[in-house]
Amino acid sequence: MTGFRAFRIRNDDAGYRAGFEEMATDALTPGEVLVKVAYSSVNYKDALAGTGKGRILRRYPLNGGIDVAGHVVASTDPAFKEGDAVLCTGSGLSETRDGGYAEYARLEARWTIPLPQGLSLRESMVLGTAGFTAALGLLHMQDNGQTPALGPIAVTGASGGVGQLAIDIYSRAGYAVHAISGKTDHFDFLKSLGAAECIDRHALAFSGKPMDSVRFGGALDNVGGAMLAGLLPLIAPYGNVAICGNAGGIAFDGTVMPFIIRGVNLLGVASAGTARAMRERVWEKLSGDWKPRHLERIATREATLDELPGVFGHMLAGDSFGRTVVRIAAN
Ligand SMILES: C=CC(=O)SCCNC(=O)CCNC(=O)[C@H](O)C(C)(C)COP(=O)(O)OP(=O)(O)OC[C@H]1O[C@@H](n2cnc3c(N)ncnc32)[C@H](O)[C@@H]1OP(=O)(O)O
Ligand SMILES: NC(=O)C1=CN([C@@H]2O[C@H](COP(=O)(O)OP(=O)(O)OC[C@H]3O[C@@H](n4cnc5c(N)ncnc54)[C@H](O)[C@@H]3O)[C@@H](O)[C@H]2O)C=CC1
């Protein structure tokens, strides 16, 4: 096979850098399933990896892109055959394995998901790790007793990829969603996705008290830092806070009171290493009764591989809005 293009990240004596290279499929990290990539997507983690602003890769060099969707070209695992439409999110992509920002990717069969009925390849990447994470957060909360009766779910970082998809999915699942965002210009849009209320994050005045009047039944937190610390005293008894992000900081200050008096639960959401059975559960929901109703409007941008560096810059500046799908090959 002739060479193909890849957005490859290196870190060596010449420094941290990412750019386009020609490579051969033989040079890809090993796996049973060779895929011609149709789409990938841009997640905050991709922006950290592609710029070196966060330590995402755990070996170098690797192709970037934590999400991939495409068609199987060859498989040594009988579970997959040429022409099958498949997807993969996380699972070491752009951490320890070559990722989806390339015309070909070689996947491990154990982490390769047949494209669920009800989703196109493109839709699966509008969802990507962002949609997977939003749905995983809700499943964790529900497995831990979260019901709509506990009260509204606060979604922080609500204008971003995980945030917008969470608004759509959680409202579809019957929860009142209170979207917390600094982008007040977009509140009407967030409401049109399903948010019952929008709260300006700059106007949120956390009291700093260990416990405060209950305001939310639970939360999905994309932001971390002071936002997470401020939310905990406002959560209803036995409510859940699913914590997935660090867009606003990694350290948070708080007290044990919400946990020991109200039984509030802090649930970790780690999409990349999710076990196969849970992955299948998440994709069944995302392609079924939790399929977001507004996927096309949430996919605010379709980028080419060449446009990635610009998209990363916007995202890390906090300027992203919705999801960017990366179109790799015509399909
Ligand atoms: C889509 C998902 C997301 O968006 S998640 C958010 C984006 N991710 C990040 O921002 C992570 C950026 N990385 C870091 O900030 C650091 O790498 C760190 C804080 C996670 C760890 O750095 P540190 O220098 O404190 O520790 P070590 O590198 O020495 O590792 C300690 C220990 O942890 C294991 N480990 C580190 N990273 C990962 C990982 N991504 N997955 C699994 N395990 C990880 C590492 O192997 C070490 O364990 P050991 O048993 O000693 O090998
Ligand atoms: N744990 C996991 O498995 C996953 C974690 N994440 C994390 O979730 C977060 C969101 O990811 P994406 O939706 O892909 O990113 P995104 O860039 O699309 O969304 C981030 C949102 O946070 C907002 N934001 C940025 N800085 C902020 C600050 N200082 N205070 C408050 N809001 C701020 C942005 O305006 C934007 O709305 C990131 O931290 C990402 O690393 C994302 C996917 C999976």
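In each ligand, atom 1 is the first atom listed, and ligand 1 is the first ligand listed.
N43 does not count as a contact of ligand 1, since none of its heavy atoms falls under 4.0 Å from the ligand.
Relative ring orientation between Y16 and Y60 is described as perpendicular, the plane-to-plane angle rising above 60° on a 0-90° scale split at 30° and 60°.
Looking at A47 against ligand 2, nothing comes within 4.0 Å, counting heavy atoms. Under 4.0 angstrom from ligand 2, the non-hydrogen atoms of T133 all belong to its side chain.
Between the side chains of R279 and S91, at least one donor N or O sits under 3.5 Å from an acceptor N or O.
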- Task: Kindly indicate, with the supporting measurements, whether the criterion side-chain hydrogen bond (donor to acceptor under 3.5 Å, both in side chains) is fulfilled by R106 and T29.
- Result: CA-CA 7 Å; R106 198 188 293 282; T29 46; over 6 Å; no
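Put simply, atom 18 (C) of ligand 1 has no protein non-hydrogen atoms near it, under 4.0 Å away. Protein non-hydrogen atoms do reach within 4.0 Å of atom 1 (C) of ligand 1. For atom 4 (O) of ligand 1, a protein non-hydrogen atom is found at a distance below 4.0 Å. Within the 4.0 Å cut-off (strictly below), a protein heavy atom is located near atom 41 (N) of ligand 1. At least one protein heavy atom sits closer than 4.0 Å to atom 8 (N) of ligand 1. Counting only heavy atoms, the protein never gets under 4.0 Å from atom 49 (P) of ligand 1. For atom 44 (C) of ligand 1, the nearest protein heavy atom is under 4.0 Å away. Within a 4.0 Å radius of atom 35 (N) of ligand 1, the protein contributes one or more non-hydrogen atoms.
Numbered from 1 in the order shown, with element, the atoms of ligand 2 that lie under 4.0 Å from a heavy atom of V162 read 11 (O), 12 (P), 13 (O), 42 (C), 43 (C). The N222 neighbourhood of ligand 2 comprises atoms 8 (O), 9 (C), 10 (C), 39 (O), with distances under 4.0 Å to a heavy atom of that residue. Residue G248 has at least one heavy-atom neighbour below 4.0 Å for each of these atoms of ligand 2: 28 (C), 29 (N).
Each of K45, R59, R58, R55 was scored for a salt bridge (charged side-chain N to carboxylate O under 4.0 Å, His left out) with E95, with one residue passing: K45.
With T324, L316, D319, V223 as candidates, the residue nearest to atom 32 (N) of ligand 2 on a non-hydrogen basis is V223. For atom 28 (O) of ligand 1, the choice among R58, E95, R55 with the nearest heavy atom turns out to be R55. Compare R201, Q164, M227 by their heavy atoms: the one nearest to atom 30 (N) of ligand 2 is in R201.
The pair R122-E296 meets the salt-bridge criterion, since a charged nitrogen lies less than 4.0 angstrom from a carboxylate oxygen.
What sits closest to atom 11 (C) of ligand 1 on the protein, heavy atoms only, is I56 CD1, 4.0 Å.
Note: an N/O pair closer than 3.5 Å links G160 and ligand 2 by distance alone. By the 3.5 Å distance cut-off applied to N or O atoms, S271 is not counted among the residues near ligand 1. On a distance-only criterion, T129 and ligand 1 share no N/O pair closer than 3.5 Å.
At least one test fails for K183 against the ring of F321: distance under 6.0 Å to the centre or angle within 45° of the axis.
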